[in-house]
Amino acid sequence: MPRPTLARTVSCAVSSTALLSAAFLLPHGVLQAQSAPGRAPSVDVSKLAEIHVAITAVNDSADARQAQAKNKTGEAQHELAAKKRQLITELLKSKGLSDTAYQRQRFVVSTDLGLRAQFDSVVAKLTGAPLPGRIAAPVAPGFVAASALPPGMVGTHIGHVTTSFVDTPEKAGLLPIAFTEAQVASQHAALATRNTTDLAAMKLHAGHVLHAVDPTIVTTGPGKGFGVKRAALGVAQHIELASKESTASPNVKIHSTHIATAARSTATRVDQVIALAKKIQETSDVKEAATLTGQLASLASQLAAGADVNADGRIDWGNGEGGLQQAQEHITLLLAGEKK
């Protein structure tokens, strides 16, 4: 099958964007804004967006051809650049615009927030790309928006776990800060395994792990300065306070037990992490440190994930298995039950 030419690529792009544009027009068929007399030309935003998408297709196709090894000569590059300019000129002419008029309208749109919002919206619909600046920031593990919490003091205590707590860095919820510190601990435990012939490096990263899980032991390091242990115990304390409120439903009481149990299992696992990290710092034997480092990396990863202690193929909230993820799962179940 013959490969499509650059001209055919442009033709397909223009015809397809025209079809898409027709499907997404506003009630009167055109997204058009009139500028103040004497200041700038009127702009058909839908048409301008269609042209922009088509020109982007031309540029992408031309750039791909210019990057090919066979087209690396100066003559080939010049020829392809000239062909690209020709195709863009023909495209604009087919839409009744000169290059000067097109650039003027682009400038108008780029300097008018209202027109730019309309333009971006049409381009997003034509291409399927998200609107600029509209991609949601990733949500921290364990975080729940205040609007999703139950009313009254039950919701207040749950909010200390999931949403915001006065004593944490940046006033994050206790569970999100526990996840953050656990991630630092796991990361540095893994870094310690990269060179198990370097005793100093293993000791250094063991110290970083200690800072992340309990900064009262090592006061400086890459963590947030709150510690997994303090955060996990705080999760257990405040979720139990929610369950003790007179307005707490049976749903809250049941899942609070599960959440608190998983959180306390995490705190117990922190104690095991601390013991291993201290042994690494105290030993002068490289082989012993290497063995302990491998154990530390495995255990640190379980702070968030939990551990299948009874080898039944799943990690439960109880039986000493639960980690931060199991606490989070039961918070999700708790909130879903409150909505019902």
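Predicted model only: the values in this text are computed from it and were never measured.
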So does [X] pair up with [Y], basic N to acidic O under 4.0 Å?
{"X": "Asp112", "Y": "Arg116", "answer": "no"}
{"X": "Asp312", "Y": "Arg314", "answer": "yes"}
{"X": "Glu288", "Y": "Lys279", "answer": "no"}

Do any N or O atoms from the side chain of [X] and from the backbone of [Y] form a donor-acceptor pair under 3.5 angstrom?
{"X": "Lys203", "Y": "Ile280", "value": "yes"}
{"X": "Gln77", "Y": "Asn71", "value": "yes"}
{"X": "Glu245", "Y": "Met153", "value": "no"}
{"X": "Ser186", "Y": "Ala182", "value": "no"}
{"X": "Arg230", "Y": "Pro215", "value": "no"}
{"X": "Thr168", "Y": "Phe165", "value": "yes"}
{"X": "Ser298", "Y": "Gln295", "value": "no"}
{"X": "Ser164", "Y": "His160", "value": "no"}
{"X": "Ser121", "Y": "Gln118", "value": "no"}
{"X": "Glu321", "Y": "Val309", "value": "yes"}

Once rounded to the nearest 0.5 Å, what's the spacing between atom [atom1] of [X] and atom [atom2] of [Y]?
{"X": "Asp99", "Y": "Arg85", "atom1": "CG", "atom2": "CZ", "answer": "11.5 Å"}
{"X": "Thr73", "Y": "Leu80", "atom1": "OG1", "atom2": "CG", "answer": "8.5 Å"}
{"X": "Leu175", "Y": "Thr180", "atom1": "CG", "atom2": "OG1", "answer": "9.5 Å"}
{"X": "Lys83", "Y": "Ser61", "atom1": "NZ", "atom2": "OG", "answer": "11.0 Å"}
{"X": "Thr266", "Y": "Gln302", "atom1": "OG1", "atom2": "CD", "answer": "10.5 Å"}
{"X": "Ile254", "Y": "Ser243", "atom1": "CD1", "atom2": "OG", "answer": "11.5 Å"}

Considering the options Val161, Thr156, Val144, which one meets the side chain to side chain contact (heavy atoms under 4.5 Å, CB included) requirement together with Leu149?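 Answer to the side chain to side chain contact (heavy atoms under 4.5 Å, CB included) test with Leu149 among Val161, Thr156, Val144: Val144.
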Identified side chain to side chain contact (heavy atoms under 4.5 Å, CB included) counterpart of Val252 within the set Leu334, Ile239, Thr257: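 It is Leu334; the other options fail the test.
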If you look at every heavy atom in [X] and [Y], which pair is closest and at what distance?
{"X": "Gly323", "Y": "Arg269", "answer": "CA-NH1, 4.2 Å"}
{"X": "Pro222", "Y": "Val184", "answer": "CG-CG1, 3.8 Å"}
{"X": "Ala327", "Y": "Ala262", "answer": "N-CB, 3.8 Å"}
{"X": "Thr193", "Y": "Ala297", "answer": "CG2-CB, 3.8 Å"}
{"X": "Ala185", "Y": "Ala212", "answer": "N-CB, 3.7 Å"}
{"X": "Ala267", "Y": "Leu233", "answer": "CB-CD2, 3.7 Å"}

Within the 4.5 Å heavy-atom criterion, are [X] and [Y] side-chain neighbours or not?
{"X": "Leu115", "Y": "Phe119", "answer": "no"}
{"X": "Ile88", "Y": "Asn59", "answer": "yes"}
{"X": "Lys253", "Y": "Lys244", "answer": "no"}
{"X": "Leu210", "Y": "Gln281", "answer": "yes"}
{"X": "Val235", "Y": "Leu174", "answer": "yes"}
{"X": "Gln86", "Y": "Glu90", "answer": "yes"}
{"X": "Glu181", "Y": "Phe226", "answer": "yes"}
{"X": "Trp317", "Y": "Gln325", "answer": "no"}

His188 vs His205 aromatic rings, parallel, tilted or perpendicular, using cut-offs 30° and 60°? tilted
Run the side chain to side chain contact (heavy atoms under 4.5 Å, CB included) test on Leu92 and Ile55 for me, step by step, so that the C-alpha distance in whole Å, both residues' side-chain angles and the decisive distance to 0.1 Å come before the verdict. CA-CA 9 Å; Leu92 290 172; Ile55 288 178; 4.2 Å; yes
When hydrophobic residues are tied together by side-chain contacts of less than 4.5 Å, even through go-betweens, does [X] share a cluster with [Y]?
{"X": "Ile217", "Y": "Leu296", "result": "yes"}
{"X": "Ile315", "Y": "Leu324", "result": "no"}
{"X": "Val109", "Y": "Leu97", "result": "yes"}
{"X": "Leu276", "Y": "Ile274", "result": "yes"}
{"X": "Phe179", "Y": "Ile177", "result": "yes"}

Test applied, side chain to side chain donor-acceptor pair (under 3.5 Å); reference residue, Lys229; option that passes from Thr268, Asp214, Thr216, Asp271: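 Of the listed residues Thr268, Asp214, Thr216, Asp271, the side chain to side chain donor-acceptor pair (under 3.5 Å) partner of Lys229 is Asp271.
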Please report the C-alpha distance between His52 and Leu126 in whole Å, then the side-chain angles of each, then the deciding distance to 0.1 Å, and finally whether the side chain to side chain contact (heavy atoms under 4.5 Å, CB included) criterion is met. CA-CA 10 Å; His52 167 79; Leu126 291 174; over 6 Å; no
Centroid separation under 6.0 Å, is that true for the rings of His255 and His258? yes
